[in-house]
Q: 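Below are the structure tokens for one structure; questions will follow.
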Amino acid sequence: YETTPLIDVPNGILKYPTQISGCVLWLDAANETSLDLSGSAVSGWRDLSGGDNHVLQSNATYKPSWQSDDWNRPYLDFDGSSANLNNEDAELLALSESNNTFIACYKSDVTTAEYYGQVIMGCIQPTYTPRVGLRINANGGTGAGGSDTIAYSSQSSSSSVNACNIATAGVTNVSIAVGRRDGTAIKLWDGNGNTDTGTTGANNTAVTDFCVGAASTSGTTDIYEFNGKIYELICYNRALTDAEVDKAITYLKNKWNII
């Protein structure tokens with residue numbers, strides 16, 4: 001698991017996320033050389049997309065750790081109370097201002113419902129407010145699903161921010177989540193053939209941080225911290241086609257041995 005990708009794949013199947021155009025973030029726990037480590041503590045998770053959009057954490061209190069699961073699959077462990085990584089690069093913040101696609105491979109340790117749930121990754125407004133990206137277990141606002149759901153949004157308002165969601169998502173299994181904005185249309189996939197859609201897509205110019213594992217750059221308040229394992233994260237600065245989304249899902253299933 002020290003190289004990317006892990007295995008050779010047949011022609012026509014995605015081997016690298018960068019084979020799809022528009023990739024602006026690729027974080028891969030299987031690539032040890034992309035991690036800045038002090039022991040197991042992670043101070044930086046380096047972007048493999050070529051854009052140098054690395055996510056960082058300088059404070060030792062807030063660093064996630066690099067570990068392996070029972071099947072020797074490497075991941076970053078977020079403790080649900082303080083660990084997070086972040087970035088303020090314009091290329092990632094710009095995901096909130098146009099069409100985008102967010103893709104995650106993760107495994108939560110909890111199904112505890114919170115207003116914004118727990119943040120896998122996304123663009124965050126001041127006062128720790130998620131508006132753009134992927135979350136789990138969100139129960140706040142009209143149409144929210146609550147425990148054991150995944151949610152995606154890409155908007156500026158708080159109205160129905162968690163309404164695009166998939167219930168009974170099995171978030172405590174190794175799982176895939178894909179969120180896409182195409183104009184006002186948004187769509188969410190869970191990797192198991194389930195989808196949800198909405199019409200709340202809108203530009204957001206108020207975000208200040210791109211965050212992984214929480215909704216802030218510090219752990220000083222309840223900031224919707226993710227509690228569990230993150231294996232791989234990918235972002236595109238455009239709306240992928242359905243066929244491209246299917247390729248990305250197949251890539252993750254092959255790589256992380258997801259049935």
Side-chain angles (χ1 to χ4, degrees), residues 4 16-18 22-67 74-97 100-108 116-126 128-136 152 154 177-179 204 207-220 223-237 248 252:
T4 304
Y16 301 97
T18 50
C23 185
V24 295
L25 183 70
W26 177 21
L27 304 175
D28 180 10
N31 192 316
E32 184 177 359
T33 61
S34 72
L35 297 166
D36 297 324
L37 297 169
S38 177
S40 64
V42 178
S43 59
W45 199 359
R46 279 177 270 162
D47 172 28
L48 300 171
S49 75
D52 293 330
N53 295 313
H54 317 311
V55 292
L56 309 171
Q57 182 52 262
S58 60
N59 190 317
T61 303
Y62 307 142
K63 292 179 181 180
S65 62
W66 186 59
Q67 302 182 28
Y75 62 89
L76 266 65
D77 184 72
F78 291 79
D79 62 9
S81 62
S82 61
N84 63 87
L85 298 165
N86 57 85
N87 177 299
E88 297 178 357
D89 289 353
E91 193 169 28
L92 293 186
L93 299 185
L95 291 169
S96 69
E97 301 177 26
N100 60 64
T101 307
F102 287 73
I103 304 173
C105 182
Y106 70 96
K107 181 181 186 296
S108 178
Y116 288 108
Q118 295 90 43
V119 172
I120 299 174
M121 65 169 164
C123 301
I124 310 300
Q125 291 183 193
Y128 318 128
T129 307
R131 286 286 185 268
V132 180
L134 293 166
R135 302 175 295 282
I136 60 170
Y152 166 75
S154 187
V178 182
N204 185 332
V207 302
T208 55
D209 295 278
F210 182 94
C211 294
V212 173
S216 178
T217 59
S218 70
T220 56
I223 50 171
Y224 310 109
E225 299 94 336
F226 182 82
N227 188 340
K229 306 167 177 63
I230 295 181
Y231 296 89
E232 190 161 354
L233 300 175
I234 309 162
C235 292
Y236 295 89
N237 62 5
L252 290 173

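Just so you know, residue 1 is the first one in the sequence shown, and it goes up from there. Every heavy atom of this structure was used, including side-chain atoms; hydrogens, water molecules and symmetry mates were not.
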Q: Between Glu232 and Trp26, which heavy-atom pair has the shortest distance, and what is it?
A: OE2-NE1, 2.7 Å

Q: Tyr106: which residues meet the ring pair (Phe, Tyr, Trp, His ring centres under 6.0 Å) condition with it, sequence neighbours left out?
A: none

Q: Distance-only, no hydrogens or angles: does the Ser82 side chain make a donor-acceptor pair with backbone N or O of Thr61 under 3.5 Å?
A: yes

Q: To the nearest 0.5 angstrom, please state how far the OG1 atom of Thr208 sits from the CD1 atom of Ile124.
A: 8.0 Å

Q: To the nearest 0.5 Å, tell me how far Lys107 NZ sits from Asn227 CG.
A: 10.5 Å

Q: If every non-hydrogen atom of Ser216 is compared with every non-hydrogen atom of Tyr128, which pair is closest and at what distance?
A: OG-CE2, 2.9 Å

Q: Can you tell me if Asn86 uses its side chain to pair, donor with acceptor, with the backbone of Cys211 under 3.5 Å?
A: no

Q: Tell me if a side-chain donor or acceptor on Tyr236 pairs with a main-chain N or O of Pro17 at a distance below 3.5 Å.
A: yes

Q: Within the distance-only criterion (no hydrogens, no angle test), does the side chain of Trp66 pair as donor or acceptor with the backbone N or O of Ala29 below 3.5 angstrom?
A: yes

Q: When rounded to the nearest 0.5 angstrom, what is the spacing between CG in Asp28 and CD1 in Ile230?
A: 13.0 Å

Q: Are any of the side-chain heavy atoms of Asp77 and Pro64 separated by less than 4.5 Å?
A: no

Q: Go through Leu92 and Cys123 one step at a time and tell me if the side-chain contact (heavy atoms from CB on, under 4.5 Å) criterion holds.
A: CA-CA 8 Å; Leu92 293 186; Cys123 301; 5.9 Å; no

Q: Mind checking whether Asp47 and Asp52 have side chains closer than 4.5 Å, heavy atoms only?
A: no

Q: Locate the shortest heavy-atom distance separating Phe102 from Gly122; write the atom from each residue and the value.
A: CE2-CA, 4.2 Å

Q: Apply side-chain hydrogen bond (donor to acceptor under 3.5 Å, both in side chains) to Asn100 and list each qualifying residue two or more places apart in sequence or on a separate chain.
A: Tyr152, Ser154

Q: Checking the side chain of His54 only, and the main-chain atoms of Trp45 only, is there a donor and an acceptor separated by less than 3.5 Å?
A: no

Q: Applying side-chain contact (heavy atoms from CB on, under 4.5 Å) to Val212 and Phe78, what does each step give before you reach the verdict?
A: CA-CA 9 Å; Val212 173; Phe78 291 79; 3.8 Å; yes

Q: Could you pull out the closest heavy-atom pair between Leu233 and Ala104, with the gap in Å?
A: CD2-CB, 3.5 Å

Q: Are any non-hydrogen side-chain atoms of Val119 and Ile223 less than 4.5 angstrom apart?
A: no

Q: Between Asn237 and Leu95, is there a side-chain heavy-atom distance shorter than 4.5 Å?
A: yes

Q: Please report the interatomic distance CG(Leu252) to SG(Cys105), rounded to the nearest 0.5 Å.
A: 5.5 Å

Q: Locate the shortest heavy-atom distance separating Ala83 from Asp79; write the atom from each residue and the value.
A: N-OD1, 3.1 Å

Q: Give the minimum heavy-atom separation between Val42 and Ser65, together with the two atoms involved.
A: CG2-C, 4.1 Å

Q: Quick one: do the Asn84 and Glu225 side chains pair a donor with an acceptor below 3.5 Å?
A: no

Q: According to side-chain contact (heavy atoms from CB on, under 4.5 Å), who are the partners of Thr129, at least two apart in sequence or on a separate chain?
A: Tyr116, Gln125, Thr127, Arg131

Q: Please report the C-alpha distance between Tyr16 and Cys23 in whole Å, then the side-chain angles of each, then the deciding distance to 0.1 Å, and finally whether the side-chain contact (heavy atoms from CB on, under 4.5 Å) criterion is met.
A: CA-CA 10 Å; Tyr16 301 97; Cys23 185; over 6 Å; no

Q: At what distance, to the nearest 0.5 angstrom, does CG of Leu76 lie from CG of Leu27?
A: 9.0 Å

Q: Restricting to side-chain contact (heavy atoms from CB on, under 4.5 Å), what partner residues turn up for Glu91, sequence neighbours left out?
A: Val24, Asn53

Q: By side-chain contact (heavy atoms from CB on, under 4.5 Å), which residues pair with Ser43, not counting sequence neighbours?
A: Asp36, Lys63

Q: Verify side-chain contact (heavy atoms from CB on, under 4.5 Å) between Thr18 and Leu48, making sure each step is shown before the conclusion.
A: CA-CA 9 Å; Thr18 50; Leu48 300 171; over 6 Å; no

Q: Residues in side-chain contact (heavy atoms from CB on, under 4.5 Å) with Glu88, at least two apart?
A: Asp209

